[in-house]
Amino acid sequence: MQALCWYGKNDVRVETVADPKLLLPTDAILRVTRTAICGSDLHLLHGAVPGMAAGDILGHEFTGEVVETGPEVKKLQRGDRVVVPFAISCGQCYACRHELWALCDNSNPNAALSSRIYGDGVGALFGYSHPMGGYAGGQAQYVRVPYADVGPLKIPDGVSDEQALLLSDIFPTGYMAAENCDLHPGNTVAIWGCGPVGQFAIRSALILGAARVIAIDRIPERLRMAAAGGAEPLHPNQVDDLQEELLWRTSGRGPDACIDAVGLQPHGRRPGSSQGATVLHQAIAACRKGGTVSIPGVYEGDLNGVPFGTAFAKGLTFRMGPTHIHRYLRPLMQRIQQGEIDPAFVITHRCPLAQAPEAYRLFNHKQQDCIKVVLNPWPQQAA
Ligand code: NAD
Ligand code: ZN
């Protein structure tokens, strides 16, 4: 089959590799129908995530058609159309039983390695390094899905693969980021980063009752999409001082909640910060006393330059982490079916899997107004 393989910093290639096989009785094999490139894949592209190996297949956002199931799979059948959460969860451990799906205790065979790097055994993800489980990803023609009765959700008639694809990660991620803000009527939320995650955080904050959302980014077309979604755009270079501007827009108090939808490698790195704590720094400074800082953006390792004393003195609440997609799949699928939101608004580019390396370049450099790329592994077949 064809698959997008990682070879090192800024080096991804489409290659012919062996088809995946069933390894356990609870596995399924999917023929991937659509897959997307995520901002998290850019951290891999930049070599910012430890424990990658040459030839690793990337991709954690995908839909597929079931082609084979292990003997213990009960809920899926050949031919089912499904969307798959990016996190791999066993469904039985302490974390899964407590709806902390992304923190599964059993799915990561390399938990000891992840303990050495992250300080604990983290749950496994598709296509996201060996410490994160070493599972092949879905930017490929086929993918093996472990615990097939736990993660995949059948796509109802009337919902397209593209719409469902956005439930594998970024729609729930934006939604959980907004939910983590513990919003009350009348609240104002400030969101740093208007990438795909920021876009869904904006719309989710408004769905969850925020009165106002202020969206911060430097990329004009992303700010335009944010405004179309109901946010007040804010370009940091077009104001004298971002903090002053946020105070000015919130009666001198600061936003009730701040969402960091940027994570690692922000623009405008602060001197003395190892990986760039610029956005966290600004969010902590801007947030009103007693407010919440919600962090869907991915971080790795230790962060210098985070003003923890300020956060303590202001009595801030921090919420963060990988998204518990399984929690949100059904409720957000319902919102799509009821016509409350069409998540495909975020897709700006569609291309065959064979062109994935070029698509990574476009998305990485934000060229051609690229916001979200969807790849088709079978372009020669009818959609
Ligand atoms: P993206 O790279 O497309 O978007 C990031 C945006 O942040 C860009 O538009 C960029 O211009 C903007 N930005 C950079 N520096 C900024 C700054 N200083 N101030 C304001 N804006 C700034 O990525 P994405 O797909 O939207 O993902 C965003 C983040 O969310 C990434 O860190 C990604 O890894 C993370 N993520 C986390 C989860 C999770 O489970 N928690 C899931 C998916 C993505
Ligand atoms: Zn993703």
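Predicted model, so just to flag it, every value in this text is computed and none were measured. All ligand and atom numbering here is 1-based and tracks the order in the structure.
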*Asks:* Is V279 close to ligand 1, meaning an N/O of one under 3.5 Å from an N/O of the other?
*Replies:* no
*Asks:* Does a salt bridge link E232 with R212, judged by any charged N lying under 4.0 Å from a carboxylate O?
*Replies:* yes
*Asks:* Considering only heavy atoms, which of L223, L234, V262, V197 lies nearest to atom 31 (C) of ligand 1?
*Replies:* V262
*Asks:* Which distance, rounded to the nearest 0.5 Å, do you find between the SG of C351 and the CD1 of I37?
*Replies:* 6.5 Å
*Asks:* For ligand 1, does A261 get within less than 4.0 Å through its side chain, its backbone, both, or neither, judged by non-hydrogen atoms?
*Replies:* backbone
*Asks:* For ligand 1, which atoms have a heavy atom of F86 less than 4.0 angstrom away?
*Replies:* 40 (O)
*Asks:* Using modelled atom types only, decide if a donor and an acceptor are shared between the side chain of T35 and the backbone of T63 within a distance under 3.5 Å.
*Replies:* no
*Asks:* Counting each atom of ligand 1 from 1 as listed, which ones have a heavy atom of D169 under 4.0 Å away?
*Replies:* 42 (C), 43 (C)
*Asks:* Pull out every atom of ligand 1 sitting under 4.0 Å from any heavy atom of P196, numbered as shown with elements.
*Replies:* 3 (O), 24 (P), 25 (O), 26 (O)
*Asks:* Any idea which atoms of ligand 1 are less than 4.0 Å away from a heavy-atom of K366?
*Replies:* 2 (O)
*Asks:* Which is it for H130 and D56 under the side chain to side chain donor-acceptor pair (under 3.5 Å) test, yes or no, and what are the steps along the way?
*Replies:* CA-CA 9 Å; H130 292 266; D56 284 349; 3.0 Å; yes
*Asks:* Going by distance only, is there an N or O of R218 that falls short of 3.5 Å from an N or O of ligand 1?
*Replies:* no
*Asks:* Look only at the side chain of D149 and the backbone of V73, and say whether a donor-acceptor pair between them is shorter than 3.5 Å.
*Replies:* no
*Asks:* What do the steps show when you test D260 against Y299 for side chain to side chain donor-acceptor pair (under 3.5 Å), and what is the final call?
*Replies:* CA-CA 11 Å; D260 171 356; Y299 285 91; 2.4 Å; yes
*Asks:* With atoms numbered from 1 as shown, which atoms in ligand 1 lie under 4.0 angstrom from a non-hydrogen atom of I216?
*Replies:* 20 (C), 21 (N)
*Asks:* Atoms of ligand 1 less than 4.0 Å from G297 heavy atoms?
*Replies:* 29 (C), 30 (O), 32 (O), 35 (C)
*Asks:* Does ligand 1 have any atom that is closer than 4.0 Å to a heavy atom of Q199?
*Replies:* no
*Asks:* Within ligand 1, which atoms have a heavy atom of G195 less than 4.0 Å away?
*Replies:* 3 (O), 4 (O), 6 (C), 9 (O), 26 (O)
*Asks:* Please report the interatomic distance CG(L76) to CG(D27), rounded to the nearest 0.5 Å.
*Replies:* 11.5 Å
*Asks:* Taking 2.8 Å as the upper limit, name the protein N, O or S atoms near the Zn ion (ligand 2).
*Replies:* C38 SG, H60 NE2, E61 OE2, D169 OD2
*Asks:* I need the R34 CZ to L353 CG distance, nearest 0.5 Å.
*Replies:* 11.5 Å
*Asks:* Is the charged tip of R203 near the ring of F345: under 6.0 Å from the six-membered ring centre and within 45° of its axis?
*Replies:* yes
*Asks:* Quick test of your reading of the structure: of P296, G39, G263, whose heavy atom lies closest to atom 35 (C) of ligand 1?
*Replies:* P296
*Asks:* Could you give me the CA-CA distance, side-chain angles and deciding distance for Q368 and H349, then say whether side-chain contact (heavy atoms from CB on, under 4.5 Å) is met?
*Replies:* CA-CA 9 Å; Q368 293 181 12; H349 288 66; 3.6 Å; yes
*Asks:* Distance check, rounded to the nearest 0.5 Å: N180 atom CG versus S294 atom OG?
*Replies:* 4.5 Å
*Asks:* Work out whether the distance between some heavy atom of A102 and some atom of ligand 1 is less than 4.0 Å.
*Replies:* no
*Asks:* Mind checking salt bridge (charged side-chain N to carboxylate O under 4.0 Å, His left out) for R31 and listing every partner two or more places apart, or none if nothing turns up?
*Replies:* E65
*Asks:* Have a look at D41, I295, D217 and point out the one with the heavy atom closest to atom 12 (C) of ligand 1.
*Replies:* D217
*Asks:* With side chain to side chain donor-acceptor pair (under 3.5 Å) as the test, would you mind laying out the steps for D41 and Q139 before giving the verdict?
*Replies:* CA-CA 11 Å; D41 293 324; Q139 288 167 7; 3.2 Å; yes
*Asks:* Using heavy-atom distances, let me know which of H43, H281, R222 sits nearest atom 1 (P) of ligand 1.
*Replies:* R222
*Asks:* Hey, which atoms in ligand 1 end up nearer than 4.0 Å to a heavy atom of F363?
*Replies:* 3 (O)
*Asks:* For ligand 1, note which part of T173 has a heavy atom under 4.0 Å away: side chain, backbone, both or neither.
*Replies:* side chain
*Asks:* May I have the step-by-step check of side-chain contact (heavy atoms from CB on, under 4.5 Å) for E72 and L24, ending in yes or no?
*Replies:* CA-CA 9 Å; E72 287 175 26; L24 293 168; over 6 Å; no
*Asks:* Mind checking the OG1-NE2 spacing from T173 to H324? Nearest 0.5 Å is all I need.
*Replies:* 10.5 Å
